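Note sheet for the following structure.
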Amino acid sequence: MSETIASGRAGSAHVDDQPRPGRWLALSVLVLAVLLVGVDVTVLGLATPFLSEDLRPSGTQLLWIGDIYSFVIAGLLVSMGSLGDRIGRKKLLLVGSVAFGALSVVAAYATTPEMMIAARALQGVAGATLMPSTLALIRNLFHDPKERSLAIGIWGAMASAGTAVGPVLGGFLLGHFWWGSVFLINLPVMALLVVVGAKVIPESRNPDPGPWDVPSVLLSLVGIVAVVYAIKEAAVHGFRWDIGLAAVIGVLALIVFVRRQHTLASPLLNMKLFQHRGFSGAVLADLLTILGLSGLVFFLSQFLQMVQSRTPLNAGLTELPAAVGAVGAGLAAGWVARRLTVRVVVAGGLAVVGLSLAGCMTLHGDTGTLALSVILFVVGVGAGFAFTVTADVILSSVPKEEAGAASAVSETAYELGAALGIALLGSIVTSIYRGFGTPAGVPEHAVDAARESLGGAVEAAGQLPADQGAALLKAAQDSFVNGVDTAAGVGAVVLLGAAVAAWFLLRGQELANSPAQAQPAPDAAAPVTGSGSAAGGPAELP
């Protein structure tokens, strides 16, 4: 009897693992969404100086414009990933793509800081449907682990390509059009994705998903947004009673969320996933890496344009080596991880990024293009290896029916890390920047305006006599560079800590080499072994 059952399972697995026709064409469409998100993030950084001049946001509003997208998307990713598992990942991807394109138009024509913040928040809602859907569809399109590793590498490479295309294309647009044009470039990409994707992407969903628990959706949204808000506000303004209240509300909401998931027959997020050491280690590595990188990246474009006086296009080209390194490393990551080990590739990549950030502590106004290019290229290589392999580990550690929720956890770590990085490291830069002294002869009202932001300093300097304006701008630029150098040092410490954590948490983790290695074992109750997909992948979940 047992032999018959085992034979049936093997036959079913064999059928399920047959290569899906048209999978590479479907992948080429899926990565358009990833390219779009990458472009959208980087062009905003380039457009910040122009946006600041036109909309005149305060320093706090400028930070909100930069991170509200990440706040909202982080709060909704798990919910949207789970929704895609239920209603269909293709359907959710196409609906989200249309909404993202429409909201890009709203952002492009924003007339006030408040309108821009609202548009970015709503883009976060739409964006939450894109990334987990694409990664989950890859999990279901590619059953062969080696093919899936390559597909994930292409997926990651396109995200990196987006960061490269964004600054270059954005720089060209900003040189010829107004800042809102950087959002309108989303429209042709979205149109191509929707029209072609509707025909070539196969639908996939959990065949027995259970209901979508709305209270869990609200708890996860309130919990994550409230906690991130509290951290951001405390970093900028210090502790206040309302900040403490937000933190308490957020923590309580997350505790209730976790407890509720344990009681539901069909939870929004299967908390047992985190008992898999490889899954938890990969998620933690992603979160800490983005936390250490994002704050610095957010201010890099301002450094290049308003300290080194580069044009937007020149700034974009200067940042290009990071994406080139990430693309190459991402495509090779699966192959390298199978010949070395997962933890060597991930921990080594994070350590390389950390050491590169330490090198950024020497940045100054006269730092040459070659030195910047080398540092950014090395950062890209390290990040490309680490992110691609962790994404592979996360997808390989779960049953394909839960791919949407698992992908959403990965993306939540990414977006939460980005929000925290901009909030914490951005606050370090801002607090140091605002401490510059009043240059001799410069009116106090001009200094106060300059302390709001570096863009405000450029504008204030332009309204003063030449010698006073130059003195004010030099003081502001030097203070800004000191802030960026300090933030780079903090980011380096975070990345090196992430490398140490990955070394221990990913011990024994391997990538599967064949479909048979990735199949659940007959004993579905097998305990967590920590040996990853090579020991049975999903079967290791308790």
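These figures come from a predicted structure and were not determined experimentally.
Residues passing the side-chain contact (heavy atoms from CB on, under 4.5 Å) test with A107 are M116, A119, Q123, F183, sequence neighbours excluded. By the side-chain contact (heavy atoms from CB on, under 4.5 Å) test, T129 pairs with M80, L92, sequence neighbours left out.
If you take CG on D286 and CG on L291, they are separated by 12.0 Å, rounding to the nearest 0.5 Å. Taking CG from L245 and CZ from R240, the interatomic distance works out to 11.5 Å, rounded to the nearest 0.5 Å. In this structure, M115 CE and I65 CD1 are separated by 12.0 Å, a value rounded to the nearest 0.5 Å. How far OG1 of T390 is from CG of L350: 8.0 Å, rounded to the nearest 0.5 Å. Distance CG/L288 to CG/L496: 11.5 Å, rounded to 0.5 Å. Taking CG from L219 and CZ from R260, the interatomic distance works out to 7.0 Å, rounded to the nearest 0.5 Å.
Taking all atoms of both residues into account, the shortest heavy-atom contact from S97 to V194 is CB-CG2, 3.9 Å. V389 and A337 get closest at one heavy-atom pair: CG2-CB, 4.1 Å. Annotation for F279 and V393: closest pair N-CG1, 4.5 Å, computed over non-hydrogen atoms. Shown here for L150 and L331, the closest heavy-atom pair between the two residues is CD1-O, 4.4 Å. Residues A351 and A499 share a closest heavy-atom pair of N-CB, 3.7 Å. Nearest heavy-atom pair, A126 versus L103, reported as atom, atom and distance to 0.1 Å: CB-CD1, 4.2 Å.
The backbone N or O of F385 sits nowhere less than 3.5 Å from a side-chain atom of T388 that would complete a donor-acceptor pair. With hydrogens and angles disregarded, no donor-acceptor distance shorter than 3.5 Å links the side chain of R507 to the backbone of W503.
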Set out, in order, the CA-CA distance, both residues' side-chain angles and the distance that settles side chain to side chain contact (heavy atoms under 4.5 Å, CB included) for M190 and V98, then state yes or no.
CA-CA 7 Å; M190 291 279 60; V98 172; over 6 Å; no
Could you check L193 against L94 for side chain to side chain contact (heavy atoms under 4.5 Å, CB included), going step by step and ending with a plain yes or no?
CA-CA 8 Å; L193 189 157; L94 296 180; 4.1 Å; yes
Pair L264-S216, side chain to side chain contact (heavy atoms under 4.5 Å, CB included): steps then yes or no:
CA-CA 10 Å; L264 293 174; S216 294; 3.8 Å; yes
Evaluate I154 against W24 for side chain to side chain contact (heavy atoms under 4.5 Å, CB included), listing each step before the verdict.
CA-CA 10 Å; I154 294 172; W24 295 106; 4.1 Å; yes
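For the pair V381/V352, no side-chain contact is recorded, criterion being any heavy-atom separation below 4.5 Å from C-beta on. Put simply, the side chain of L122 does not reach to within 4.5 Å of the side chain of V106, judged on heavy atoms. Using a 4.5 Å heavy-atom threshold, the side chains of L254 and V227 count as touching.
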